[in-house]
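Presented below is the structure to which this report refers.
Source: prediction; values computed, not measured. Just the heavy atoms: all of them, side chains too, but no hydrogens, waters or symmetry mates, feed the values below.
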2 protein chains.
Amino acid sequence: MITNQKLRKQVKDEFMNYLTLNKHRKTPERFAILDHIYSTKGHFDMDSLYNSMIDANFRVSRATLYNTIQLLLDSGLVVRHQFGDNTAKYERTFGNENHAHLICTSCGQVWETKNSNIFTPSQQKKIKNFSINHYNMYIYGLCSKCNHTNKLHVKKLERENELKLDIDKKEKIDIIEPLI
Amino acid sequence: MITNQKLRKQVKDEFMNYLTLNKHRKTPERFAILDHIYSTKGHFDMDSLYNSMIDANFRVSRATLYNTIQLLLDSGLVVRHQFGDNTAKYERTFGNENHAHLICTSCGQVWETKNSNIFTPSQQKKIKNFSINHYNMYIYGLCSKCNHTNKLHVKKLERENELKLDIDKKEKIDIIEPLI
DNA sequence: GTTACTGCAAACGATTTGCAAGTGG
DNA sequence: CCACTTGCAAATCGTTTGCAGTAAC
């Protein structure tokens with residue numbers, strides 16, 4: 001288990017290399033943003049990053065945040081997600097387990113799977129003419145709470161409409177039954 | 001092999017059911033939009049959908065397109081993607097092979113894999129307390145063209161900087177070597 | 001010193017919303 | 001004929017950009 005202190009040093013070195021190689025300047029803002037991102041786990045958006053940096057008494061403009069996040073994406077230290085809404089979410093690349101995202105289409109909450117080895121090396125070999133850097137997997141469905149509510153809702157609607165769902169619809173609903 | 005004619009009828013019936021069940025009105029705009037989407041394959045965004053409907057001599061407002069696409073998402077007939085940029089892309093759910101998306105982080109082009117059975121039933125069982133409706137897989141990396149350009153670029157930068165990449169960086173670059 | 005970077009505010013563009021007119025049930 | 005839906009235009013909101021001042025190199 002790598003310590004957070006060590007990880008922060010490693011990614012700083014990595015970023016330093018990236019900036020040197022690509023002839024970008026090493027400003028305090030850039031390292032502060034990287035370090036800030038790597039001092040917490042989980043997802044964040046630009047607004048929460050901005051607020052959390054201000055709260056930590058580090059004055060930085062939104063323009064600089066957007067500028068820097070692009071460098072972090074390019075250097076592979078941060079990944080970008082976009083779930084249901086139109087606000088981009090970001091996540092540090094290292095120090096997180098390999099995981100897929102579970103997005104509830106009803107309440108919008110996002111969960112993560114633990115240690116999902118969905119993408120094995122043998123499967124990677126199948127993909128020709130493309131060199132993989134990283135991947136994101138988004139699984140849409142209903143969380144247990146919404147699934148429960150939804151089933152009651154569908155039943156209610158069926159009754160109200162005195163209408164039976166056709167075969168296609170039935171198959172679809174079968175798919176979204178809870179998996180033990 | 002299902003004919004496109006038959007598929008269009010099926011999804012229309014499905015949409016009809018959805019609208020009935022949820023007490024939404026069956027307007028000509030809604031069915032025209034669905035049918036328009038299911039008469040072509042591939043990705044589209046709201047702007048291209050709007051223009052292509054106008055070209056097909058069907059006057060519809062953007063407000064109605066956004067309204068209707070939400071119903072189509074809710075009914076599961078259309079899926080939404082958001083790749084690198086901040087424009088949502090959409091895709092019809094049925095009549096497409098099960099595929100993952102390959103996104104080149106350099107040129108931004110998007111490819112699809114054919115018949116990728118990445119997500120097997122046994123893997124689905126691992127996910128507890130979540131009922132899966134559908135999933136999207138986004139694989140980021142470099143297409144063969146950009147990968148070639150990038151390797152030359154990195155070599156050039158290394159020479160210019162008289163700098164060897166450290167171990168971490170080396171490992172990372174290994175990952176993005178072409179896979180046969 | 002030169003040039004890239006920062007911060008600010010204004011611009012941008014995709015999406016959403018308010019409201020009057022239209023139409024499905 | 002009621003109220004949901006459409007179309008239009010204005011509003012919204014995340015993100016990008018232009019520009020003047022600042023700092024990395």
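Under the 3.5 Å distance criterion, the side-chain polar atoms of B:Tyr38 are matched with a main-chain donor or acceptor of B:Phe94.
For the contact set between residues 42-52 of chain A and DNA chain C, defined by any heavy atom under 4.0 Å, there are no members.
Atom NZ of A:Lys89 is separated from atom C1' of D:dT15 by 14 Å (rounded to the nearest Å). Between B:Asp85 atom CG and C:dC12 atom C1' there is a gap of 15 Å when expressed in whole angstrom units. Rounded to an integer number of Å, the gap from CG of A:Leu65 to P of C:dT6 is 10 Å. Across the protein-nucleic acid pair, A:Leu71 atom CG and C:dT6 atom C1' stand 13 Å apart, rounded to whole Å. To the nearest angstrom, C1' of C:dC5 lies 6 Å from CZ of A:Arg30.
Contact annotation: A:Ser61 side-chain N/O to C:dC8 OP1/OP2 distance is not under 4.0 Å.
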Could you go over nucleotides 10-13 of chain D and give all protein N or O partners under 3.5 Å, atom names and distances?
none

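Scanning for side chain to side chain contact (heavy atoms under 4.5 Å, CB included) contacts around B:Asp45 gives B:Asp47, B:Ser48, B:Thr87, B:Lys89, with sequence neighbours left out. In this view, A:Thr105 and A:Tyr140, A:Leu142 satisfy the side chain to side chain contact (heavy atoms under 4.5 Å, CB included) rule, not counting sequence neighbours.
The end-to-end axis angle of the helix from C:dG1-D:dC25 to C:dG25-D:dC1, rounded to 10 degrees and based on five pairs per end, is 40°.
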For nucleotides 16-25 of chain C, 5' to 3', base contacts (B), sugar-phosphate-only contacts (S) and non-contacts (-) with protein non-hydrogen atoms under 4.0 Å give BB-----BBS
